[in-house]
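Order of the sequence lines sets the chain letters (A, B, ...), proteins ahead of strands, with each chain counted from 1. Side chains are part of it too, since the values below use all heavy atoms of this structure and drop only hydrogens, waters and symmetry mates.
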Amino acid sequence: MASNSSGGSSDRQRIAQQRLSIIAGHLQRPEDGEWAIGAEECKAQGSKPNVSSKGRTVPRRRQEIMKWNGWGYVDSKFQFNKKGQAEFTGKRYRLSGMVMPALKEWFESTFGASLQHKTPASAIPNSSAVQPPILNEAFVEDLKSTGIPFSQDAEDRVFRAHGHCLHEIFALREGKVGRVPDMVVWPSNHNDVVKIVELACKHNVCLIPYGGGTSVSSALECPPEETRTIVSVDTSQMNRILWIDEKNLTAHVEAGIVGQELERLLNESGYCTGHEPDSMEFSSLGGWVATRASGMKKNIYGNIEDLVVHIRMVTPQGVIEKSCQGPRMSTGPDIHHFILGSEGTLGVVTEVTMKIRPMPEYQKYGSVVFPNFEQGVACLREVLTLITNVFAGHALKPQKFYITKFKGFDPNRLCVATLLFEGDRERVLQHEKQVYDIAAKFGGLAAGEDNGQRGYMLTFVIAYLRDLGMDYYVIGESFETSVPWDRVLDICRNVKERIIRECKERGVQFPPLSTCRVTQTYDAGACVYFYFAFNYRGLSDPVHVYEQVEHAARDEILANGGSLSHHHGVGKLRKEWMRETVSRVGMGMLKSVKDYVDPGNIFGNRNLL
Amino acid sequence: MASEAVYSHRDPMLKKRDDFEDILEERRNCSDLRYALKCYTPVVYKGLTPCKAGVLKNMVLQSDQLHYVINQVSKETGKAPEDVQEEASAILEEMAHRMQLSTVRFFAFTLCKVFKTLFRSICVNEEGIQRLQQAIQEHPVVLLPSHRSYMDFLLMSYILFTYDLALPVIAAGMDFMGMKIVGEMLRMSGAFFIRRSFGGDKLYWAVFSEYVKTILKNGLAPVEFFLEGTRSRTAKSLTPKLGLLNIVMDPFLKGEVFDINVVPVSISYERILEETLYARELLGVPKPKESTSGLFKARRVLSEDYGSIHVYFGQPVSVRSLAEGRVNRCQFNLTPRHIPKRPSDDVHSFVNAAAYRLVRAQEENMVLKPWVLLASLLLQNHHQDLDQDRAAGPERGMGLDELTEEALWLRDVCRQYGAFLHWPDHVPPSEVVSSSLDLHRGLVRISEGRVRLAVEHAAGPSGPGVHPGAGPEEQLLNQAVVVLSCASYRNQALHVFLRPALLASAMHIATSSNKQEVFNSFSFLRNMFSNEFILCPGATMQDFEEACFLLVKTGVLQITEQEVLSTHRGHRTLAFLTRMMDPFLQGYQVICMFLCEEASEALTEKTFIPAVRGFMVKQLLSGRLRYTEVLSSDLQKNALAALLRLGAVLKTKGADQTTLKVNRVMVNSLEDTLGGKLPTQKAAVARL
């Protein structure tokens with residue numbers, strides 16, 4: 001166990017560490033000792049998901065490596081082996097190949113689920129269920145002459161017809177397919193996109209930009225009422241770093257690049273962006289810009305809007321971009337803010353200049369256990385007022401998952417904060433000490449680096465867990481909001497309770513999982529995630545029930561001073577609340593921008609407005 | 001009868017209510033001491049973190065809300081914040097309860113003894129108790145008992161102790177605190193004391209509201225207060241006061257708790273301890289200051305029989321579901337929640353509507369005893385006797401058989417209207433009547449088989465407030481005491497008959513049977529009397545439809561597209577209903593008359609009541625006015641409030657007093673409309 005010598009009474013920490021070595025057994029550790037992490041000199045691997053080191057881009061036929069009806073890679077998933085123990089398959093993650101005996105018990109006791117009651121997904125996409133493409137022949141002819149690759153293959157089209165909302169995945173698992181794009185094109189650079197958009201305008205074809213496909217706002221769903229040809233513009237082949245400017249610490253990158261690849265390529269030159277959303281393995285730079293993404297290290301590096309210096313977007317009216325790379329401008333409203341969060345309604349983001357930083361010299365995980373959530377939140381608030389921008393923290397509500405017992409703490413109430421410190425060694429250690437000192441004031445006990453790293457890693461695999469649940473009658477989702485500090489506890493309590501109550505009223509037979517965590521901290525508030533899942537045995541239309549409950553939960557969030565979304569975006573799922581969120585005038589402003597930029601509604605995914 | 005299909009009212013006869021259990025029965029059979037010392041382990045709110053009284057005070061004093069107001073007050077007055085903090089602390093000290101189980105046990109023991117001598121039974125619906133127990137665990141609870149007697153809050157705590165439920169903290173008027181030892185004892189049994197008026201005192205308001213909210217939010221104890229604000233001297237429900245209700249709803253509206261359960265409790269007394277006391281108060285004898293010695297003088301009271309008490313714990317009402325779709329909680333998103341703000345219009349109207357709904361819930365579950373019906377009938381008979389000038393003749397009063405027959409008829413009408421009537425069906429009707437009359441023998445005379453109100457030798461010697469002097473006036477006031485006491489029993493049933501009675505009166509004053517015209521009259525009366533009775537704001541249409549539904553269902557009216565017609569057999573009901581309203585109609589008319597004819601320019605708010613009373617006494621003595629009931633200051637105040645609301649009288653604030661300015665034209669037209677001399681449209685115009 002690593003040196004946690006800073007702060008508090010070292011004696012108490014020693015005891016805590018002993019205890020932790022026992023707790024660590026809850027997730028079995030592989031023999032090879034790869035788990036023994038200490039404060040390590042930061043190399044490329046660090047915290048990141050184990051990116052296979054060969055420079056593999058996202059292939060055009062994504063279904064070859066990624067699930068067509070679930071999260072992530074085909075070879076990686078949770079499953080119960082013959083002994084009834086949970087394991088994680090594949091070789092990609094630290095968790096891969098590990099057996100997790102505690103998971104089954106947690107799964108069964110939390111949801112009342114049973115391994116006997118299975119709900120397997122249909123195995124292969126059923127091509128006959130897919131509507132034949134509506135093709136605009138003239139467009140196809142003109143497109144052919146440009147030489148840009150495209151496809152009308154049913155599998156390609158189905159893959160790009162959805163994001164990862166529960167209802168989308170649930171339908172796919174049942175083999176149900178609705179309106180899908182009629183064709184997919186793969187531009188390989190900015191000019192290709194310009195050509196595609198010109199042709200689309202000329203032939204009145206609907207374009208839907210597609211980046212990483214990780215949307216959870218129904219943003220990628222094709223509007224069923226769309227009668228024109230829908231073309232999915234897959235940006236995955238636009239994935240190069242065009243240049244790195246070390247003088248100004250910027251990099252100019254094509255917008256189709258996915259997060260892990262961007263980090264890997266930059267790391268090779270000794271840099272990083274520090275933008276690490278939970279979906280960074282699959283989500284793309286263009287997608288981040290289009291949805292106003294946020295990463296877990298934003299307290300050090302900033303959110304996407306803080307990171308971009310220059311954006312280039314192709315719209316039906318032409319290309320929009322600024323004339324220089326000045327770090328800040330006072331030139332009227334920032335046109336970047338028409339683009340950031342436009343959710344594919346105005347055009348395709350093709351190239352972005354981003355801030356980069358030298359890779360941190362030193363990186364250290366940590367974690368603190370608090371007797372309860374209230375104390376944890378109070379501590380995060382305090383940490384933020386005293387030391388800004390040094391620390392990425394998560395307060396996790398009862399994480400029975402990997403910490404179950406802790407001295408003197410009620411296991412049903414305890415809560416864990418995972419910490420990551422980055423920077424030069426001295427400052428990291430100094431901050432670490434400060435943070436643990438503050439934590440001690442709120443009754444927190446240092447719970448070691450191991451737990452910190454594990455919590456961090458879990459954020460990448462948690463999405464795989466939903467697929468496991470769906471094999472056994474359990475459906476669920478997470479959704480997020482941002483809220484001022486003084487309302488964090490109130491919103492958490494009320495939304496959780498609302499979820500439980502709504503489930504009861506809608507005939508859900510088993511008590512639902514309804515929990516939350518604080519995932520981001522700001523001076524003026526925090527980002528809160530809610531996790532909601534339930535066992536749907538006995539319900540005839542579980543997805544509808546799920547949607548009603550989520551809808552009620554969102555109403556409750558808004559009534560408690562929470563925002564419509566912190567970073568997931570609006571898409572079509574949360575459109576109905578936009579007007580009250582941004583006011584009638586605000587809506588009018590957004591509409592008039594859309595009307596000017598895209599009068600023919602070429603970018604017709606109908607998100608946002 | 002097409003209308004039945006149109007009006008989708010649930011038939012009030014189908015209203016389901018719980019059964020009662022007498023909690024005194026067990027007390028009569030086993031040791032009171034053992035009862036008082038029993039093991040008391042109530043269930044508590046699931047989210048409760050227990051805390052001591054001192055901690056509670058600190059929580060209040062440390063709260064952001066209070067800090068904000070302290071700084072504000074300090075800036076405005078120039079006092080040092082520490083001094084203001086001291087003031088706040090002193091206010092809290094004066095206010096806060098100090099609940100002690102030992103005191104509660106002492107009260108439990110004493111009350112046992114008292115209750116057993118005073119009452120035949122105390123009946124409680126146990127299902128309601130179970131619902132309450134459930135509610136207490138789930139969410140913070142607010143108890144809203146009706147308020148008819150000093151007994152109410154002791155009784156509430158007694159019942160909750162008996163059933164092992166969490167004891168409430170009770171908002172009590174400061175006047176109780178004046179009662180030396182008793183005040184402190186009440187404090188130790190959970191009462192906290194608030195000043196009667198503190199309108200402009202920001203600091204007081206802040207301490208008070210924060211104190212209540214802190215108790216409620218943390219689920220430390222159920223909070224109990226009286227929606228009506230004070231004891232109703234007339235047994236009619238009073239217009240709800242919104243101050244405390246606003247405070248207790250605030251934590252929900254601001255998202256500080258998930259929900260709050262509000263439990264209306266209906267306490268009905270077969271015979272009210274303060275019966276004649278109230279009547280005298282209404283006639284102008286000032287309320288005696290609460291004092292310990294006064295309480296002991298009340299010992300005379302102990303030797304009498306006060307029948308039974310029924311306590312009905314109503315269905316807990318979730319504030320969340322009340323507010324659903326009515327209040328946009330997002331309105332609290334844009335300012336910090338600890339900064340005090342006036343409730344917005346929609347919050348105000350929501351709280352107001354909720355308050356009316358809750359008072360109506362109290363009314364609906366009030367148990368009516370047969371005497372209530374007898375009192376109604378005897379009062380009407382009394383007035384008929386006066387009308388027909390046989391007040392002294394041998395045919396005055398009603399024959400016992402006649403009374404019984406009428407009571408049975410009225411019982412059936414009552415039930416059809418959905419009243420919660422406790423008429424013992426297994427006992428012969430004549431016995432029911434005679435035992436009721438016996439219990440209230442102070443108010444009736446029975447001679448030669450005829451029953452009448454005991455008006456000529458008024459009950460007891462004249463009190464200190466009834467001015468000796470002119471013989472006839474004294475006699476009149478003594479009669480009025482009996483009439484008002486009787487009326488207070490009739491009033492218990494008013495809510496049952498109110499809507500049909502308003503319709504009956506509306507038909508009476510309307511110039512034709514045209515439906516629209518009848519509706520206009522109904523709407524006029526409803527508007528006129530909305531300070532007098534509990535009539536939910538904005539529910540004119542529903543009330544009209546409800547009245548139509550009941551009267552059509554019972555065969556009293558036929559309603560077509562165009563017309564409202566009475567049936568032949570409906571005459572009796574209509575006559576009864578109009579007579580029920582008459583004293584109020586006449587009272588308001590007389591007040592209008594007074595304002596037009598007698599009111600001087602110098603009439604002030606303070607002199608209004610005595611002046612009106614003087615005018616009325618003259619009218620009564622000269623025989624131009626029949627209903628002594630109109631002498632009730634409650635009616636007079638309500639009428640004035642209505643006239644002020646309608647703009648027929650205006651207040652002008654002077655240096656030291658508020659004078660009343662009368663719009664004679666308007667008052668005159670209101671008077672004529674009440675008397676049926678003017679069509680209602682005209683009055684409606686006058687109102688504009």
Original post:
Closest heavy-atom contact between B:V257 and A:N494?
Top reply: C-OD1, 3.6 Å

Original post:
How far does CG of A:D555 sit from SG of B:C330, to the nearest 0.5 angstrom?
Top reply: 8.5 Å

Original post:
Below 4.5 Å, heavy atoms only, C-beta onward: do A:E497 and B:R320 meet side chain to side chain?
Top reply: no

Original post:
Is chain B contacted by the side chain of A:R487, its backbone, both, or neither, given a heavy-atom distance below 4.5 Å?
Top reply: both

Original post:
Is A:H544 atom NE2 crowded by more than 12 heavy atoms from other residues, nucleotides or ligands, each under 6.0 Å away?
Top reply: no

Original post:
Checking A:R493 side chain against B:G255 main chain: does a donor-acceptor pair fall under 3.5 Å?
Top reply: yes

**OP:** Kindly give the heavy-atom pair with the smallest separation between B:D259 and A:R501, and that separation in Å.
**Re:** OD2-NH2, 3.3 Å

Original post:
What is the distance from atom CZ of B:F258 to atom CG of A:D490, rounded to the nearest 0.5 Å?
Top reply: 12.5 Å

Original post:
Got more than 12 heavy atoms from elsewhere within 6.0 Å of CZ, B:R357?
Top reply: no

Original post:
In Å and rounded to the nearest 0.5 Å, what is the CD to CG distance from B:E256 to A:D486?
Top reply: 9.0 Å

**OP:** Locate the shortest heavy-atom distance separating B:N333 from A:L558; write the atom from each residue and the value.
**Re:** ND2-O, 3.1 Å

